[in-house]
Amino acid sequence: MRAQSSATAPIPIAVGVPPRGSTGGTLQAALGVIAFSLTFPATAWGLEGFGPWSLVAVRGVLAAVIAGGCLLALRVPVPERRHRAGLAVVAAGVVVGFPLLTTLALRTSTTAHAAVVVGLLPLTTALLSALRTGTRPSRTFWAAALAGAAAVVAFTVQQSGGALTTADLYLFGALLVCAAGYTEGGRLARVMPGWQVIGWALVLCLPVSVPAAALALSYEPVRLTAHSVAGLLWVAAGSQFLGLVVWYRGMAAIGVPKASQLQLAQPLLTLVWSVLLLGEHLTVAAPLTAAAVLVCIAVTQRARG
């Protein structure tokens, strides 16, 4: 495959990507949030049969095989050199950093406690996006974003009993690297299809993920069960590839700051899945927090940047 020349490079907001502010972009970003909301429960399932390093490395390899197969089948040209640094940021943040740090955290943390990082992620992504792209959302946008983040953090901390654990260091690191990956990926999705952004990022990690998977599997015991296999398949195909495809397309259509605020609903969705899939229990605060978050999301979507 040869690199794209500047004459053949996609025009920003390429054909097939909904125009900025469209309902289609919001829907795609929302589908990405739903896919991501299953990541922590699926990871918990995966950890029933895989070690943390094995789970992260194997999910990266499987997702890269899916993405690479799509890129080869469609004969997608190699990205231009000027985009490769951005793809490296996406790879480091979304493909390696966030999965590894959150998986390590979930060894000792419940999914409810781990959801704290997701509650803070929209605000952190919006902040990094403003610094990276020079966008200046309105005061109303920031007020609603801060209120929503505060509601989510208060809820998730209350769910975990208010105690901080050593896993919080992993979660804080995951928050920063993922926000950087989301910001850079949203920017790149303006000049190439979103699925190619994550696809190339996954392929870029193969020289690391393949030997890492082989090494981890040789040291960590594997116990294949229905839960562990289902969890691995979801975090590889659903969270690591398909979810990021629609997520980056949505960010390209409606903007990184607004798309990131849709993630305010992700911790609450994760808690619902935790009840259904892991048997965890919710308090009566859940519907109240959900209502507050939905109001904040509505405000951020209407606020002008």
Side-chain angles (χ1 to χ4, degrees), residues 4 9-10 12-14 16-18 20 25-36 39 59-60 63-64 66-68 70-71 76 78-102 117-118 121-135 173-206 209 235-263 266:
Q4 293 173 332
I13 307 302
V17 179
R20 175 173 291 276
T26 301
L27 176 60
Q28 289 184 89
L31 289 174
V33 170
I34 293 172
F36 300 153
T39 300
R59 76 181 266 184
I66 297 172
C70 293
L71 292 168
V76 177
V78 174
E80 296 177 54
R81 185 178 298 274
R82 62 192 177 97
H83 296 318
R84 293 174 190 174
L87 288 172
V89 174
V90 175
V94 178
V95 178
V96 178
F98 187 79
L100 176 60
L101 292 172
T102 54
V117 69
V118 180
L121 186 55
L123 182 58
T124 308
T125 302
L127 286 170
L128 289 183
S129 174
L131 293 174
R132 177 68 176 86
T133 65
T135 58
L175 167 69
L176 294 178
V177 298
C178 189
Y182 279 175
T183 299
E184 201 64 20
R187 185 186 67 81
L188 289 171
R190 288 175 167 271
V191 294
M192 67 176 71
W195 75 271
Q196 293 182 23
V197 173
I198 185 57
W200 285 117
L202 286 164
V203 170
L204 185 64
C205 287
L206 272 176
S209 59
V235 294
S239 302
Q240 195 80 76
F241 183 61
L242 297 177
L244 285 167
V245 167
V246 293
W247 174 243
Y248 281 139
R249 283 177 60 90
M251 283 199 295
I254 65 177
V256 174
K258 286 189 176 182
S260 69
Q261 299 315 301
L262 291 174
Q263 279 199 305
Q266 186 174 324

Under 4.5 Å between any side-chain heavy atoms of [X] and [Y], yes or no?
X: V235; Y: Q240; answer: no
X: F241; Y: V95; answer: no
X: R84; Y: V78; answer: yes

How close do [X] and [Y] get, heavy atom to heavy atom, and via which atoms?
X: S239; Y: T39; result: OG-OG1, 2.7 Å
X: L101; Y: G173; result: CD1-C, 3.5 Å
X: L128; Y: A179; result: CD1-CB, 3.5 Å
X: A253; Y: G25; result: CB-CA, 3.6 Å
X: G238; Y: A35; result: O-CB, 4.2 Å
X: V203; Y: G68; result: CG2-CA, 4.0 Å

Once side-chain contact (heavy atoms from CB on, under 4.5 Å) is applied, do any residues pair with [X], and if so which ones, sequence neighbours excluded?
X: L175; result: V117, L120, L121, T124, F172
X: V246; result: Q28, L31
X: A236; result: R59, L62

R249 side chain to W195 backbone, donor-acceptor under 3.5 Å: no
So, taking the atom named [atom1] in [X] and the one named [atom2] in [Y], what distance separates them when rounded to the nearest 0.5 Å?
X: L87; Y: E80; atom1: CG; atom2: CD; answer: 11.0 Å
X: L188; Y: T183; atom1: CG; atom2: OG1; answer: 11.0 Å
X: F98; Y: Y182; atom1: CZ; atom2: OH; answer: 6.0 Å
X: L202; Y: I66; atom1: CG; atom2: CD1; answer: 9.0 Å
X: W200; Y: H83; atom1: CH2; atom2: NE2; answer: 13.0 Å

query: Got a sec, which residues hit side chain to side chain donor-acceptor pair (under 3.5 Å) with T102, two or more places apart in sequence or on another chain?
result: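 With neighbours one apart ignored, the set is empty.
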query: Can you list the residues that meet the side chain to side chain donor-acceptor pair (under 3.5 Å) rule with Q266, with sequence neighbours excluded?
result: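 Applying side chain to side chain donor-acceptor pair (under 3.5 Å) to Q266 gives Q263.
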Could you note down all residue pairs passing salt bridge (charged side-chain N to carboxylate O under 4.0 Å, His left out) where [range] supplies at least one of them, sequence neighbours left out?
range: residues 179-188; result: R132-E184, E184-R187
range: residues 87-96; result: none
range: residues 90-100; result: none

task: Take I198 and W247, measure what side chain to side chain contact (heavy atoms under 4.5 Å, CB included) needs, and give me the verdict at the end.
output: CA-CA 10 Å; I198 185 57; W247 174 243; over 6 Å; no
message: Going by ring-ring contact (aromatic ring centres under 6.0 Å, His included), name the residues that satisfy it together with Y248, two or more places apart in sequence or in a different chain.
response: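 Scan of Y248 (ring-ring contact (aromatic ring centres under 6.0 Å, His included), adjacent residues dropped) gives none.
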